[in-house]
Amino acid sequence: MFSFIARYTPLRFLPRPLALGRVPAGFPSPAEDYIDRQLDLNEFIEHPAATFFFRLEGDSMEPVMRDGDLLVVDRAKTARDGHVVVAVHNGDLTVKRLRRSGNDAWLEPENPNYPRMPCSDDTEIWGVVLINLHWPSLS
């Protein structure tokens, strides 16, 4: 059904500097002019052939995720209670938090303006969201 997603694109090494210090979100502190090493996002991808990128659309996952965020999704990872997942529900792709209790499972939005969606036999967990890249200054 979603075979257009399964096109393989080779991963490219794109190293970026990783600063050793942490950036406080509280009181300002002097910047540290020390680069620890080069960081490659491929380090966070355990299953390259099963990892896909999606652009999030909509506001059902706000405030955790916002419209336009870039999601890194791993199809090989087993979804557990509390994971944010990409699921096929009623024939459509959706991003929600997977919740389970006993034999019941549902897809839960972060935004309280949206209802939770009970999983049925037709609901397929397509993949687990590993990374959410978000541009706070562009919102």
Side-chain angles (χ1 to χ4, degrees):
M1 177 185 306
F2 297 100
S3 60
F4 64 92
I5 296 169
R7 284 185 239 149
Y8 174 73
T9 303
L11 293 176
R12 188 169 58 115
F13 181 71
L14 182 62
R16 303 305 316 145
L18 173 65
L20 180 62
R22 295 177 180 254
V23 177
F27 295 104
S29 68
E32 295 181 36
D33 287 335
Y34 181 75
I35 301 300
D36 180 39
R37 62 186 178 91
Q38 295 295 312
L39 174 69
D40 179 19
L41 287 179
N42 292 317
E43 293 176 33
F44 301 101
I45 297 175
E46 186 177 349
H47 308 107
T51 300
F52 299 84
F53 295 84
F54 287 90
R55 182 74 63 186
L56 185 65
E57 184 177 291
D59 64 351
S60 73
M61 292 303 287
E62 285 186 4
V64 175
M65 299 174 170
R66 292 194 232 159
D67 185 70
D69 285 1
L70 185 67
L71 307 180
V72 180
V73 179
D74 187 340
R75 291 207 67 191
K77 189 167 177 66
T78 301
R80 296 198 170 104
D81 179 56
H83 282 172
V84 175
V85 299
V86 173
V88 180
H89 185 76
N90 294 332
D92 294 319
L93 285 174
T94 188
V95 175
K96 301 286 183 281
R97 191 169 301 279
L98 177 64
R99 292 295 183 192
R100 292 187 173 137
S101 179
N103 292 330
D104 295 329
W106 60 94
L107 301 171
E108 189 169 86
E110 295 291 327
N111 187 331
N113 295 325
Y114 289 84
R116 69 184 193 175
M117 303 157 55
C119 293
S120 67
D121 291 339
D122 294 333
T123 303
E124 175 192 351
I125 303 302
W126 196 87
V128 175
V129 176
L130 299 178
I131 302 170
N132 174 36
L133 296 173
H134 156 114
W135 290 261
S137 298
L138 300 178
S139 301

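Values below: all heavy atoms of this structure, side chains included; hydrogens, waters and symmetry mates excluded. No experiment lies behind these values; they were computed from the predicted model shown.
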Which is it for Leu130 and Glu46 under the side-chain contact (heavy atoms from CB on, under 4.5 Å) test, yes or no, and what are the steps along the way? CA-CA 10 Å; Leu130 299 178; Glu46 186 177 349; over 6 Å; no
Pairs under 3.5 angstrom only: tabulate donor-acceptor contacts from the side chains of residues 105-114 to other protein residues two or more places apart or in another chain.
from, atom 1, to, atom 2, distance (Å)
Trp106, NE1, Glu108, OE2, 3.3
Glu110, OE2, Arg97, NE, 2.6
Glu110, OE2, Arg97, NH2, 2.9
Asn111, OD1, Asn113, N, 2.9
Asn111, OD1, Asn113, ND2, 3.3
Asn111, ND2, Asp59, O, 3.0
Tyr114, OH, Asp59, OD1, 2.3

Mind checking whether [X] and [Y] sit in one hydrophobic cluster, side chains of I, L, V, M, F, W, Y counted as touching below 4.5 Å?
X	Y	result
Val128	Ile131	no
Phe52	Ile125	no
Val84	Val86	yes
Leu93	Leu56	yes

Please name all residues satisfying side-chain hydrogen bond (donor to acceptor under 3.5 Å, both in side chains) with [X], sequence neighbours left out, ordered by chain then number.
X	answer
Lys77	none
His83	none
Ser60	Lys96
Asp69	Asn132, His134

Non-neighbouring partners of Asp81 that pass side-chain contact (heavy atoms from CB on, under 4.5 Å), sequence neighbours left out: Arg99, Arg100
Applying side-chain contact (heavy atoms from CB on, under 4.5 Å), can you list everything that pairs with Leu70, at least two apart in sequence or on another chain? Phe53, Arg55, Leu133, Trp135
Quick one: are Asp74 and Ile45 in side-chain contact, heavy atoms under 4.5 Å?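 No - every pair of side-chain heavy atoms lies 4.5 Å or more apart.
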Counting C-beta onward and ignoring hydrogens, is there a side-chain heavy-atom pair between Asn90 and Met117 closer than 4.5 Å? no
Pairs in or reaching into residues 113-129: which pass salt bridge (Lys or Arg N to Asp or Glu O under 4.0 Å), with residues at least two apart or in two chains?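 Non-adjacent pairs meeting salt bridge (Lys or Arg N to Asp or Glu O under 4.0 Å): Arg75-Glu124.
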Minimum heavy-atom distance between [X] and [Y], given as atom pair plus value:
X	Y	value
Leu98	Ala79	CD2-CB, 3.8 Å
Asp67	Glu57	OD1-CA, 3.2 Å
His89	Thr123	ND1-OG1, 3.0 Å

Just to verify, which of Val73, Thr94, Val85 counts as forming a side chain to side chain contact (heavy atoms under 4.5 Å, CB included) with Trp126? Val73
